[in-house]
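Notes follow the structure.
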Amino acid sequence: MARNLFDLSGRRALLTGSSQGIGLALARGLGEAGAEVVLNGRDAAKLERAAAGLREAGIAARTAGFDVTDSQAVEAGVARIEAEFGPIDILCNNAGVNLRGALEAMPDATWHEVIATNLHSAFYCARAVAKGMIARGRGKIINTCSVMSMLGRPTTGPYTASKGAISMLTKAMCADWAQHGLQCNGIAPGYFSTELTAPLRADAAFNDWLCKRTPAGRWGELPELAGAAVFLASDASSYVNGHLLYVDGGLTSVV
Ligand code: GCO
Ligand code: CA
């Protein structure tokens, strides 16, 4: 029987920032398609709870709690995963924070935390896993971008800059690594109901604006991101490279 192009069985995925929100939804989606998923996050207890939830759904879930903003911790964390569990076939660079505030009053520390968490981490993790992927002649890197890879919004300066940068880093990864059999692409979510956007959903005016601004007329629900992740993580996208796949209810297609 022909192999299902979207089947991820036998593949191992490392997902950064996956103890909640988009990262955990991507892990669930890849797991449901058959992948073994390795969750990463800063809070060990939250990470274990997330993995337990996936295991209850029959997904092979492991945890690897290392600080993705520390390049030495990343090298050690990736080496430990590949020694203990086996090769990483799929990397989802999803770790991200959004610390909002007026740009003119933005402290250095806030800027640096957002850029380090959202951008440096993607470089550190991709560099660490690319060594094995290049040696094996295949691998999938999926970077969590955003509609803010293309659009700004007041008070989200560092986040917007980081998401623009990671969308271009995705193309840089394609430029360097496509020749080695890696496919490096981005998923650009619109507005989804997550912990990160909870403060926005609590604001009636923002809610009203978002539902009018989004052609689908609503917030995205996390399971609606799984299909894009499975597609970009699977053989179905073997000739897709450097692509930014918007999952945004049409938001970036209209004014
Ligand atoms: C905001 C939101 C957005 C979302 C999402 C949109 O403050 O506008 O936090 O940045 O997080 O990234 O795709
Ligand atoms: Ca986002």
Side-chain angles (χ1 to χ4, degrees), residues 15-29 41-42 46 68-69 92-107 109-122 142-171 185-229 231-232 243-255:
L15 301 98
T16 65
S18 53
S19 58
Q20 65 179 22
I22 286 179
L24 182 53
L26 297 179
R28 184 178 293 276
R42 287 178 296 189
K46 199 191 271 190
V68 293
T69 66
C92 290
N93 280 313
N94 174 80
V97 291
N98 193 353
L99 303 177
R100 302 178 185 85
L103 209 47
E104 68 274 14
M106 180 74 57
T110 305
W111 172 267
H112 287 291
E113 182 175 351
V114 174
I115 300 295
T117 307
N118 298 13
L119 180 62
H120 296 351
S121 64
I142 302 169
N143 297 320
T144 298
C145 300
S146 167
V147 293
M148 308 196 107
S149 293
M150 182 203 291
L151 301 170
R153 189 178 79 77
T155 75
T156 62
Y159 185 93
T160 304
S162 71
K163 292 300 183 180
I166 195 171
S167 72
M168 291 311 297
L169 177 60
T170 302
K171 295 180 183 179
N185 294 288
I187 291 176
Y191 284 80
F192 280 77
S193 308
T194 67
E195 294 82 353
L196 187 146
T197 55
L200 303 174
R201 281 195 314 288
D203 174 341
F206 187 93
N207 248 309
D208 183 52
W209 169 80
L210 191 274
C211 293
K212 287 194 174 73
R213 178 67 180 77
T214 304
R218 63 176 175 83
W219 289 78
E221 295 303 326
L222 285 173
E224 296 181 288
L225 281 170
F231 169 62
L232 292 175
H243 183 69
L244 197 46
L245 179 48
Y246 282 88
V247 185
D248 66 357
L251 188 151
T252 53
S253 299
V254 301
V255 292

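Whatever order the structure lists ligands and atoms in, that order sets their numbers, starting from 1.
- The atoms of ligand 1 that sit less than 4.0 Å from any heavy atom of Pro189 are 13 (O).
- In terms of polar-atom proximity, Tyr191 is counted as a contact of ligand 1, with an N or O under 3.5 Å from an N or O of the ligand.
- Judged purely by atom type and a 3.5 angstrom limit, Ser149 has no side-chain atom pairing as donor or acceptor with the backbone of Cys145.
- Close contacts of ligand 1 with Arg153, meaning ligand atoms under 4.0 Å from a residue heavy atom, involve 1 (C), 7 (O), 8 (O).
- Side-chain atoms of Thr117 do not come within 3.5 Å of backbone N or O of Val114 as any donor-acceptor pair.
- Between Met148 and ligand 1, a contact under 3.5 Å exists for no N or O pair.
- In terms of modelled atom types and a separation under 3.5 Å, the side chain of Arg201 and the main chain of Phe206 share no donor-acceptor contact.
- Residue-level proximity to ligand 1 for Tyr159 is carried by the side chain, the only part with a heavy atom below 4.0 angstrom.
- With hydrogens and angles ignored, the 3.5 Å screen pairs a side-chain donor or acceptor of Thr170 with a backbone N or O of Ile166.
- Residue contact check: Leu200 has heavy atoms under 4.0 Å from atoms 1 (C), 2 (C), 7 (O), 9 (O) of ligand 1.
- Using a distance-only test at 3.5 Å, with no hydrogens or angles considered, a donor-acceptor pair links the side chain of Thr16 to the main chain of Asn94.
- Proximity of Asn98 to ligand 1, defined as any heavy-atom pair under 4.0 Å, is confined to the side chain (atoms from C-beta onward).
- To the nearest 0.5 Å, atom OG of residue Ser18 and atom CG of residue Leu26 are 9.0 Å apart.
- Only the side chain of Arg100 comes within 4.0 Å of ligand 1, judged by heavy-atom distances.
- No donor-acceptor distance shorter than 3.5 angstrom exists from the side chain of Thr214 to the backbone of Ala216, with no hydrogens or angles considered.
- Heavy atoms of Thr155 found under 4.0 angstrom from ligand 1: none, in either backbone or side chain.
- For ligand 1, the atoms lying closer than 4.0 Å to a non-hydrogen atom of Ser146 are 5 (C), 6 (C), 12 (O), 13 (O).
- Applying the 4.0 Å criterion to heavy atoms of Val147 picks out, from ligand 1, the atoms 6 (C), 13 (O).
- Between the side chain of Arg28 and the main chain of Pro223, no donor-acceptor pair closer than 3.5 Å is present.
- Contact atoms of ligand 1 toward Leu196: 9 (O), 11 (O) (distance under 4.0 Å to a heavy atom of the residue).
- In terms of polar-atom proximity, defined here as any N/O pair under 3.5 Å, Thr156 makes no such contact with ligand 1.
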query = Can you list the steps and then say if Arg218 with Glu224 is a salt bridge (charged side-chain N to carboxylate O under 4.0 Å, His left out)?
reply = CA-CA 12 Å; Arg218 63 176 175 83; Glu224 296 181 288; 2.6 Å; yes
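- With a heavy-atom cut-off of 4.0 Å, Thr160 does not touch ligand 1 at all.
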